[in-house]
Amino acid sequence: MKVKKKVWWCLPLAAVSALAGVLAWWPKGTWAEPKNDDVSSVAPPRAALPIKTVVLFSSGVGYFERRGSVDGDARVDLTFQVRDINDLIKSMVIRDEKGMVASISYDSFEPVERTLKSFAVNLTGNPTFGQILTQLRGEKVEVVLNPTVTTQPGTITGSVLGIETQRQAVKEGPPVETEFLNLWCAEGVRSIKLSEVQRLRFLNPVMESEFRRALDTLALSHDAQKKAVSLTFTGEGKREVRVGYVVENPIWKTSYRLVLDKGGKPFLQGWAVVDNPTDDDWDKVGMALISGRPVSFQMDMYQPLYVPRPVVELELFQSLRPVAYDSGRMLGRPAEAAAAMSAAPAPPGVAGGFGGGGPGAPAGAMPDAMMKRRAGADRKAEMQRGEALARELENRMNLAQGVQSAATASQLGDFFQYVIDHPVTLPRQKSALLPIINKEIDATRLSIYNPSVHPKFPMLGLKLKNSSGLHLMQGPITVFEGNVYAGDAQIKDLAPNDERLISYAVDLGTEVEAKSERKPDRLVAVRIEHGLLIQTVKVREEKTYTAINRNGQPRTLWIEHPYRPEFKIVSDTKPVERTADVYRFEMKLPEAKDPIRQTIVEEQDLSSTIALTNVDDGTIRFFINNAVTSPQVKAALQQLQQLKAKLATTTQELSHVNEQLRVITEDQARLRANLKEMPTNAAAYKRYLEKFDKQETEIESLREAQKRLQQQQLKDQQEVDAYLRNLNVN
């Protein structure tokens, strides 16, 4: 009977289907034969599955696929780090060409604390000697004492009563806490200092065994850094099986070299940095590098989880309790770099001389001539070497010579991938550099000024356009000018045809000065809304950038000016582009050393509110007389001024009446006091009485006027409030 090909999934793996097309082309390798000692007459024969496919992501994970041949029923044993078991359980995918997976088993991970608590002696939490003996109360022990510090017998046998702490005096200093072991012995209770105990042995073999097993558990927990995973396959004949999984892996990184040339296009070379932190050698594996960042997380699925159960009391002791029910109920700044200046070495001076000439020769004639000829030849050779070095440094560095891209780049859904063209061999715990980009690229030279990077000098940089057709991962860029190191830059992720600025050195030949000025605020608009006067003031700020070019060559300077959403640019100078944080303005600097200025003017409208109910007459007159105020607003303010003047008149009259009442009331109090003390038949008594009667008449009249003015004041105030409540004038 023909067995159909089956796929057995442990748990779903995100993006595995997208990777299937990438991985299908890799060449099949040779498989290691199972060891003889792995073959058992009972268990299925064991097979080896070496790693044949590695797909690395830039999100900290890697997809690994093992492939090999099995014959009939077979078992595959794999080992993994404990930290990888959770990812393995979550993502493992197994495929058998003509058979099926019978079982998957792996070493359990019982929490060591829970296991230790299951023994008679609990060794969790690093217990002290005294804490261990406290757990052994009632157990028989044999105690051997240190004979040099005690007068008691050398060996004592007894049952543990407990540990007692006593304060004991010392020769110097305050009393100290001392632990004593209390034992029940044949002759009675003994108390022994723990510091005098040299050795202690359990007389109960069961307790001895429990203690030994607890120690063995602790020792095993230190060595259990790897766990075994066994896969059992069932089927007939020889066939291929595959095991794929996603586990944690270092992200793959990129580094670039960029060669600038005065006459040609810049040349970009990119290298991928990959790491093999596993315990397996990667022997001729197919490799792909994915630039995407799929969502990946960790979940503890390896450690057994125990659900806490409630403790139920016996019904005899249980009582009813009230029940409480609950209701149902989301552009990077260039890195600062320093320019590296290189110069050809100066020719060294000529040292040394020749000895005297032969007999008969003029004194010094031959040696001097030889010395001059030799020195001239040396200087000529040194100059030639210096000229050759200068020509070499001026020539363009040819990065394409001897290095070719070893990767094929393509789009993979929403991701971008580099598939390494040749199988990769990388031993365990090793790293490698793989060339993935070797192309010319479009770039424009710029000087980039940002006062927060350097207040005086701009940075030498490039406006880089990704014309390579590849996705450029973030990473460092080493820039060469011809054959000379020019500086370092950093770039963020760059999609094809996207543009990005980079800077790699300080432009010491260009100086920029920035000066800011804030003009006085001026009133630009006045309106009224629901009785509130809203005035708009225009804030004007000017910033002037003055640049001087001392290089002797024309330059293009880009100025990064802070972007503030509340301000609007009103000057004729407009930015060439804007990022989330800055505007970028362009300045053309000719060869002349005359300063070039560019002023950026920004304005902001600020509004403030004034409640017209409580505003004084002077403020109203200010806005009426202001040229910015519209005729409609002026008319509304004038009418409000009239209403408030009427209210003010009534209020003033009411205040006058109230003052009169206060004066008369105070005078009446004086008259009452005089009338009490004066005889009724006195002439002054009659006069005071007549005056008192006259004041009563005045009080009545004033109270009527007071009432009338209070009503009028309330009416006037209501008119003002009603007028302002519905007042809306632009």
Side-chain angles (χ1 to χ4, degrees), residues 1-17 19-20 23-24 26 28-55 61-110 220 224-248 278-280 283 285-286 298-305:
M1 180 179 66
K2 184 178 181 180
V3 181
K4 294 182 179 180
K5 177 181 178 181
K6 296 184 179 180
V7 178
W8 192 86
W9 298 82
C10 265
L11 285 173
L13 170 64
V16 169
S17 59
L19 297 175
L23 309 177
W26 270 299
K28 299 180 180 179
T30 58
W31 314 111
E33 297 296 330
K35 297 181 180 179
N36 293 331
D37 56 1
D38 289 339
V39 179
S40 172
S41 59
V42 178
R46 300 183 181 181
L49 291 184
I51 295 176
K52 286 299 177 181
T53 297
V54 176
V55 181
V61 296
Y63 173 76
F64 300 85
E65 185 177 88
R66 296 174 178 267
R67 295 201 303 271
S69 297
V70 298
D71 193 356
D73 296 342
R75 193 180 84 185
V76 176
D77 292 328
L78 306 174
T79 58
F80 294 91
Q81 296 286 343
V82 174
R83 65 173 184 269
D84 294 333
I85 299 297
N86 283 318
D87 288 329
L88 197 74
I89 297 173
K90 178 167 63 75
S91 65
M92 180 179 283
V93 177
I94 304 176
R95 287 179 284 180
D96 190 340
E97 294 287 341
K98 299 179 181 179
M100 64 178 296
V101 179
S103 66
I104 297 178
S105 62
Y106 54 91
D107 294 341
S108 181
F109 188 68
E110 180 76 11
L220 289 174
Q225 299 302 318
K226 294 183 181 179
K227 296 292 182 180
V229 178
S230 298
L231 313 175
T232 303
F233 297 90
T234 61
E236 298 178 357
K238 193 172 183 179
R239 62 196 184 277
E240 185 182 69
V241 296
R242 298 186 180 192
V243 178
Y245 50 85
V246 173
V247 293
E248 186 178 42
T278 68
D279 294 328
D280 295 284
D283 185 17
V285 302
Q298 292 181 335
M299 179 177 289
D300 192 355
M301 303 183 68
Y302 184 31
Q303 181 167 311
L305 303 178

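The structure presented is a predicted model; accordingly, all values stated were derived computationally and were not measured.
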ask   = Does the side chain of Y245 come within less than 4.5 Å of V93's, by heavy atoms?
value = no
message = What I want to find out is whether R239 reaches D71 closely enough, with some N-O distance under 4.0 Å, to be called a salt bridge.
response = no
request  = Quick one: pull up CE in M92 and CD1 in I85 and give me the separation to the nearest 0.5 Å.
outcome  = 8.0 Å
ask   = Closest heavy-atom contact between L49 and R67?
value = CD2-C, 3.7 Å
inquiry  = Working note: E240 + V70, criterion side-chain contact (heavy atoms from CB on, under 4.5 Å); need CA distance, chi angles, decisive distance, verdict.
reply    = CA-CA 6 Å; E240 185 182 69; V70 298; over 6 Å; no
ask   = Can you name the nearest heavy-atom pair linking V285 to I51, along with the distance?
value = CG1-O, 3.2 Å
request  = Working to the nearest 0.5 Å, report the span between OG1 of T278 and CZ of F64.
outcome  = 6.0 Å
Point-to-point distance, once rounded to the nearest 0.5 Å, from NZ of K52 to CZ of R242 = 12.0 Å
remark   = Correct closest heavy-atom pair for V243 and L231 would be CG2-CD1, 3.5 Å
ask   = Got a salt bridge between K98 and D96, using NZ or NE/NH1/NH2 to carboxylate O under 4.0 Å?
value = no
Between S230 and D77, a side-chain donor and acceptor under 3.5 Å = yes
remark   = One should read off an interatomic distance between L78 CG and D84 CG, to the nearest 0.5 angstrom, of 12.0 Å
message = For a 4.5 angstrom cut-off between non-hydrogen side-chain atoms, does F233 reach V76?
response = yes
request  = Supply the atom-to-atom distance R75 CZ to D73 CG, rounded to the nearest 0.5 angstrom.
outcome  = 12.5 Å
inquiry  = Using side-chain heavy atoms (C-beta onward) and a distance below 4.5 Å, is V246 in contact with D87?
reply    = no
